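In what follows, a structure is listed as structure tokens, so that the remarks can point back to it.
As the structure is a prediction and not an experimental result, all values here were calculated from the model. Note that the numbering runs from 1 along the sequence shown for the chain. Excluded from the calculations below are hydrogen atoms, water molecules and symmetry mates; all remaining heavy atoms, backbone and side chain alike, are included.
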Amino acid sequence: MDPSACTRCPLHTQGTPVASFRGSLYQPGGLVFMYDMPSPREFEVGRLQHQTLQGALSGTNLDLDSTAVLSWVKCRPPRGRLDDAPFAVLECESWRQPELEELSPGVLVLMGRHVVQSYFGATVAVGAVRGKPLPPGKHGEYPVIATWHPWATKQDQRLRKEFVGDLVLATELSQHER
């Protein structure tokens with residue numbers, strides 16, 4: 001399935017396609033990160049680099065090469081605000097499920113307000129559900145960890161510390177699931 005061939009919503013002509021990433025060392029049962037969408041800087045060189053996530057991983061023993069990184073929506077809205085394109089969350093559902101099935105994650109790490117609210121409900125705050133394993137959800141039979149968007153961790157060191165703790169928990173869960 002090629003998300004760039006999708007024409008289900010206006011973002012296919014107005015937005016910037018978002019690439020998925022599967023590290024060269026990723027194996028089924030590993031960690032899968034799900035962004036709401038990457039920050040604009042991720043596109044400065046013309047392709048997804050995950051520099052923000054890589055920076056947020058510093059201080060952990062995680063390496064992106066052993067993970068997979070997906071975007072909740074497959075096209076970045078023109079002004080980079082998912083609030084301007086809420087329809088994309090629904091329209092991209094048909095792409096998320098097959099990607100997750102193919103990856104067969106051990107743990108799914110949801111990063112950011114849009115992903116967490118889409119997954120758990122519009123009134124759920126990241127701070128209310130992060131820091132603990134959550135039961136399998138609508139996308140599969142693997143545990144879920146909710147956490148802050150890596151971009152937010154660049155702005156607030158308290159969030160960075162919580163983010164790192166969430167990733168340590170996700171890593172432990174992933175190793176337990178294998």
Side-chain angles (χ1 to χ4, degrees), residues 1 3 18-39 42 48 50 52-74 82 88-154 156 158-178:
M1 296 177 75
V18 176
S20 295
F21 171 84
R22 183 187 306 202
S24 59
L25 302 175
Y26 180 81
Q27 295 180 22
L31 286 181
V32 173
F33 294 102
M34 182 75 77
Y35 275 103
D36 47 0
M37 65 184 167
S39 69
E42 306 294 347
L48 193 58
H50 296 293
T52 305
L53 178 56
Q54 187 67 58
L57 293 179
S58 65
T60 72
N61 62 354
L62 284 173
D63 181 352
L64 277 181
D65 279 335
S66 63
T67 71
V69 183
L70 305 176
S71 180
W72 198 250
V73 295
K74 301 304 172 194
L82 200 48
V89 171
L90 293 173
E91 295 301 338
C92 289
E93 179 69 29
S94 63
W95 299 106
R96 280 191 295 274
Q97 190 63 39
E99 280 184 317
L100 288 168
E101 286 173 8
E102 180 183 333
L103 291 168
S104 186
V107 176
L108 178 62
V109 180
L110 304 176
M111 301 185 299
R113 172 178 60 97
H114 290 287
V115 176
V116 169
Q117 289 180 343
S118 293
Y119 201 85
F120 293 107
T123 60
V124 174
V126 175
V129 293
R130 62 140 302 274
K132 57 189 169 233
L134 301 164
K138 61 183 177 181
H139 288 292
E141 292 301 315
Y142 32 80
V144 173
I145 298 291
T147 193
W148 306 107
H149 193 288
W151 188 254
T153 70
K154 291 180 76 166
D156 184 334
R158 177 188 58 88
L159 299 184
R160 169 138 176 67
K161 184 177 179 183
E162 292 176 354
F163 179 84
V164 169
D166 295 340
L167 295 187
V168 168
L169 176 60
T171 302
E172 290 169 357
L173 276 174
S174 178
Q175 292 168 349
H176 181 280
E177 293 295 315
R178 287 184 182 187

Inset, instruction - Without swapping roles, check the side chain of Ser174 against the backbone of Gly29 for a donor-acceptor pair under 3.5 Å. - result: yes

Legend entry - Side-chain donor/acceptor of Arg96 to backbone N/O of Trp72, under 3.5 Å: yes

Check: [Y] and [X] side chains under 4.5 Å, non-hydrogen atoms:
| X | Y | value |
| --- | --- | --- |
| Leu167 | Phe33 | yes |
| Leu103 | Leu70 | yes |
| Leu110 | Phe120 | yes |
| Leu159 | Glu162 | yes |
| Met34 | Leu100 | yes |

Smallest separation among heavy atoms of [X] and [Y], with atom names:
| X | Y | value |
| --- | --- | --- |
| Met111 | Trp148 | CB-O, 3.8 Å |
| Val107 | Ala170 | CG2-O, 3.7 Å |
| Ile145 | Pro133 | CD1-CA, 3.7 Å |
| Arg22 | Tyr26 | CG-CB, 3.8 Å |
| Ala146 | Asp166 | O-OD2, 3.6 Å |

Legend entry - Candidate pair Thr153 and Val164, rule side-chain contact (heavy atoms from CB on, under 4.5 Å), full reasoning: CA-CA 9 Å; Thr153 70; Val164 169; over 6 Å; no

Inset, instruction - Evaluate the side-chain contact (heavy atoms from CB on, under 4.5 Å) criterion for residues Phe163 and Asp156: first the C-alpha distance (whole Å), next the side-chain angles of each, then the deciding distance (0.1 Å), finally the verdict. - result: CA-CA 11 Å; Phe163 179 84; Asp156 184 334; over 6 Å; no

Legend entry - Between CG on residue Leu25 and CG on residue Leu64, distance to nearest 0.5 Å: 11.0 Å

